[in-house]
Amino acid sequence: MQRLLFPPFRALKGRQCLQLLAPRAALRAQCDCIRRPLRPGQYSTISEVALQSGRGTVSLPSKAAERVVGRWLLVCSGTVAGAVILGGVTRLTESGLSMVDWHLIKEMKPPTSQEEWEAEFQRYQQFPEFKILNHDMTLTEFKFIWYMEYSHRMWGRLVGLAYILPAAYFWRKGWLSRGMKGHVLALCGLVCFQGLLGWYMVKSGLEEKPDSHDIPRVSQYRLAAHLGSALVLYCASLWTSLSLLLPPHKLPETRALLWLRRFAHGTAGLVFLTALSGAFVAGLDAGLVYNSFPKMGESWIPEDLFTFSPILRNVFENPTTVQFDHRILGITSVTAVTVLYFLSRRIPLPRRTKMAAVTLLALAYTQGSVLFNFIFKISDLDEGIRNI
């Protein structure tokens, strides 16, 4: 048996390295070769690590694999950003309630014949949005809003496939480290949760409310949860991607740098809170209540700010309070971004970090200017209607 399994051992009898090779005889028999002796616990190839642990796949990812995974997550974060933008367009065109049911596979095929479109339109006519708001809508107009919602849903499925299929492939190839596996599982789980939450949100706008004659709309709470989870998914994917693609900078832990890092984290939380408050504004159509800036109507603080009882309800359900809070949060966010920029100028930071601070400042003021221009346009339109 020894002659068959270990033929080189005859030539090595009496040599000093025999004692070092003997403990690895079983492992060397599988590869039918002899390597230089290694220290205890040292392995010469990744294959030996896999065999020693009882697995046949690479257990540690290489730098090339990390770059591939990082680029994949960067693309995924881009698809999530596209979904958020498309969802905003769907909201602005009031198309979100045009598809009145949800099927993972069945609804991927749109209506093709005139009979199928008429049947889809008849289903839509049974729900409050048609009865109260769109009772004079034609089939051609219905097709437009239907395709808007259809595009948003199909894009959501594309996002799910972009996460799940490559994740399964990378997992099988052994390109994910133990820590990265946890990150990827969390991201894929959040994608699935996001899809279910989207239908849960739409369902709230399809419910009959006999005591209410208000315009049918989705729950502002569910809309904020839907947007918030999408932002968390985007930020987590982008952060993980950049952590793999960009080498970390070794900076001295000075007091100024620690303060800048904490202030940056606080600014990020403030921007996230502002975005969530924007979801409440959209859910309640609160942006239409007051269309002047910086005052709200003729006063700085409107009189109907706390008309609901209990008082806490006003923060989430009173359109005036919701718009007021969003304005305050928006101004505070822009101020915080500005302060963050000037703080970054006082500390010797890498060029990449300085460029990020400049970009953030530019985006903040661009967002503010677009919003102000929109408010002024609405104000001019409102004044023109009053003069008719």
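All figures in this text were calculated on a predicted structure; none of them were measured in a lab.
In this structure, Ile145 and Glu94 have side chains that are not in contact, with every pair of non-hydrogen atoms separated by 4.5 Å or more. Between Val322 and Gln220 there is no side-chain heavy-atom pair separated by less than 4.5 Å. Within the 4.5 Å cutoff, no side-chain heavy atoms of Phe306 are placed close to those of Val315. Residues Leu329 and Leu273 are in side-chain contact: their nearest non-hydrogen atoms beyond the backbone lie under 4.5 Å apart. Using a 4.5 Å heavy-atom cutoff, the side chains of Glu116 and Lys109 are in contact. Between Arg71 and Leu245 there is a side-chain heavy-atom pair separated by less than 4.5 Å. No side-chain heavy atom of Val75 sits under 4.5 Å from any side-chain heavy atom of Ser241. Asn318 places none of its side-chain heavy atoms less than 4.5 Å from the side chain of Phe324.
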* side chain to side chain contact (heavy atoms under 4.5 Å, CB included) evaluation trace for Leu257 with Arg261 -> CA-CA 6 Å; Leu257 182 61; Arg261 186 181 292 118; 3.9 Å; yes
* To do: Would you sort out whether Cys76 and Val159 count as a side chain to side chain contact (heavy atoms under 4.5 Å, CB included), showing the intermediate values?
  => CA-CA 7 Å; Cys76 287; Val159 173; over 6 Å; no
* To do: Apply side chain to side chain donor-acceptor pair (under 3.5 Å) to Ser95 and Thr90, showing your working.
  => CA-CA 5 Å; Ser95 307; Thr90 303; 6.0 Å; no
* Going through the checks in order, is the side chain to side chain contact (heavy atoms under 4.5 Å, CB included) test met by Asp285 and Arg217? -> CA-CA 9 Å; Asp285 287 333; Arg217 56 172 64 96; 2.9 Å; yes
* To do: Kindly indicate, with the supporting measurements, whether the criterion side chain to side chain contact (heavy atoms under 4.5 Å, CB included) is fulfilled by Lys295 and Tyr290.
  => CA-CA 9 Å; Lys295 290 185 177 181; Tyr290 290 96; over 6 Å; no
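Gln323 places no side-chain N or O within donor-acceptor distance of the main-chain N or O of Pro319, the cut-off being under 3.5 Å. Side-chain atoms of Glu118 never come within 3.5 Å of backbone atoms of Glu115 as a donor-acceptor pair (strictly under, hydrogens ignored). Arg157 places no side-chain N or O within 3.5 Å of a backbone atom of Ile105 that could act as its donor or acceptor partner. In terms of modelled atom types and a separation under 3.5 Å, the side chain of Trp155 and the main chain of Thr79 share a donor-acceptor contact. A donor-acceptor distance shorter than 3.5 angstrom exists from the side chain of Arg91 to the backbone of Ala282, with no hydrogens or angles considered. Looking only at distances, no side-chain donor or acceptor of Arg222 sits under 3.5 Å from a matching main-chain atom of Val202. With hydrogens and angles ignored, the 3.5 Å screen pairs no side-chain donor or acceptor of Arg327 with any backbone N or O of Phe293. At distances below 3.5 Å, at least one donor-acceptor pair connects side-chain atoms of Thr359 with backbone N or O atoms of Met355. Listed for the Asn314 side chain is a donor-acceptor partner under 3.5 Å among the backbone atoms of Ile311. Side chain of Arg153 to backbone of Glu149: no donor-acceptor contact under 3.5 angstrom is found.
Ring-plane geometry between Phe170 and Trp175 is classed as parallel, the angle between the planes falling under 30 degrees on a 0 to 90 degree scale with a further cut at 60. Between Tyr150 and Tyr147, the two ring planes are perpendicular [angle over 60°; tilted spans 30° to 60°]. The aromatic rings of Phe130 and Phe121 stand perpendicular to each other, their planes meeting at an angle above 60°, with 30° marking the opposite boundary.
In this structure, CG in Leu176 is found 10.0 Å from CD in Glu66, a value given to the nearest 0.5 Å. For the atom pair CG (Leu305) and OG1 (Thr321), the distance works out to 4.0 Å, reported to the nearest 0.5 Å. Interatomic distance, Arg255 CZ to Ile347 CD1, rounded to the nearest 0.5 Å: 12.5 Å. Expressed to the nearest 0.5 Å, how far CZ of Arg345 lies from CG of Leu340 amounts to 12.5 Å. The OG1 atom of Thr267 sits 14.0 Å away from atom CZ of Arg262, with the distance rounded to the nearest 0.5 Å. For the atom pair CD (Glu129) and CG (Leu97), the distance works out to 4.5 Å, reported to the nearest 0.5 Å.
For Trp199 against Met99, the heavy-atom pair with the smallest separation is CZ3-O, 4.4 Å. When every heavy atom of Ile164 is checked against every heavy atom of Cys192, the shortest pair comes out as CD1-SG, 4.1 Å. When all heavy atoms of Ser344 and Leu349 are compared, the closest pair comes out as O-CD1, 3.7 Å. Closest of all the heavy-atom pairs between Leu276 and Gly228 is CD2-CA, 3.6 Å. Scanning all heavy atoms of the two residues, the minimum distance from Val334 to Ala364 falls at CG2-O, 4.2 Å. The two atoms that bring Leu187 and Tyr163 nearest to each other are CB-CE2, 4.1 Å, heavy atoms only.
Cluster annotation: Met148 and Val100 are assigned to the same hydrophobic cluster (Ile/Leu/Val/Met/Phe/Trp/Tyr, side-chain heavy-atom contacts under 4.5 Å, transitive). Transitive grouping of hydrophobic side chains (ILVMFWY, heavy atoms separated by less than 4.5 Å) keeps Leu363 and Phe272 in distinct clusters. Hydrophobic clustering (ILVMFWY, side-chain heavy atoms < 4.5 Å, transitive): Val271 and Leu231 are in distinct clusters. In the hydrophobic clustering of ILVMFWY residues, with side-chain heavy atoms under 4.5 Å counting as a link, Leu73 and Phe193 come out together. Grouping the Ile, Leu, Val, Met, Phe, Trp and Tyr side chains by contacts below 4.5 angstrom, directly or via other members, places Val281 apart from Val89.
A donor and an acceptor atom, one from each side chain of Ser204 and Tyr221, are nowhere located under 3.5 Å apart. Side chain to side chain, Asp325 and Ser277 fail the donor-acceptor criterion of an N or O pair below 3.5 Å. Side-chain contact of Tyr365 with Thr338: a donor-acceptor pair under 3.5 Å is present, judged by distance alone. In this structure, a donor-acceptor pair under 3.5 Å is absent between the side chains of Gln122 and Gln126. Counted by atom type alone, Ser299 and Glu303 present zero donor-acceptor pairs between their side chains at under 3.5 Å.
Atom CD of Gln125 is surrounded by more than 12 heavy atoms from other residues, nucleotides or ligands within 6.0 Å. No more than 12 heavy atoms of other residues, nucleotides or ligands sit less than 6.0 Å from atom CD1 of Ile301.
Comment: Lys203 does not engage Glu207 in a salt bridge, judged by the lack of any side-chain N to carboxylate O separation of less than 4.0 angstrom. With respect to Lys131 and Glu208, a salt bridge is recorded, a charged nitrogen being found less than 4.0 Å from a carboxylate O.
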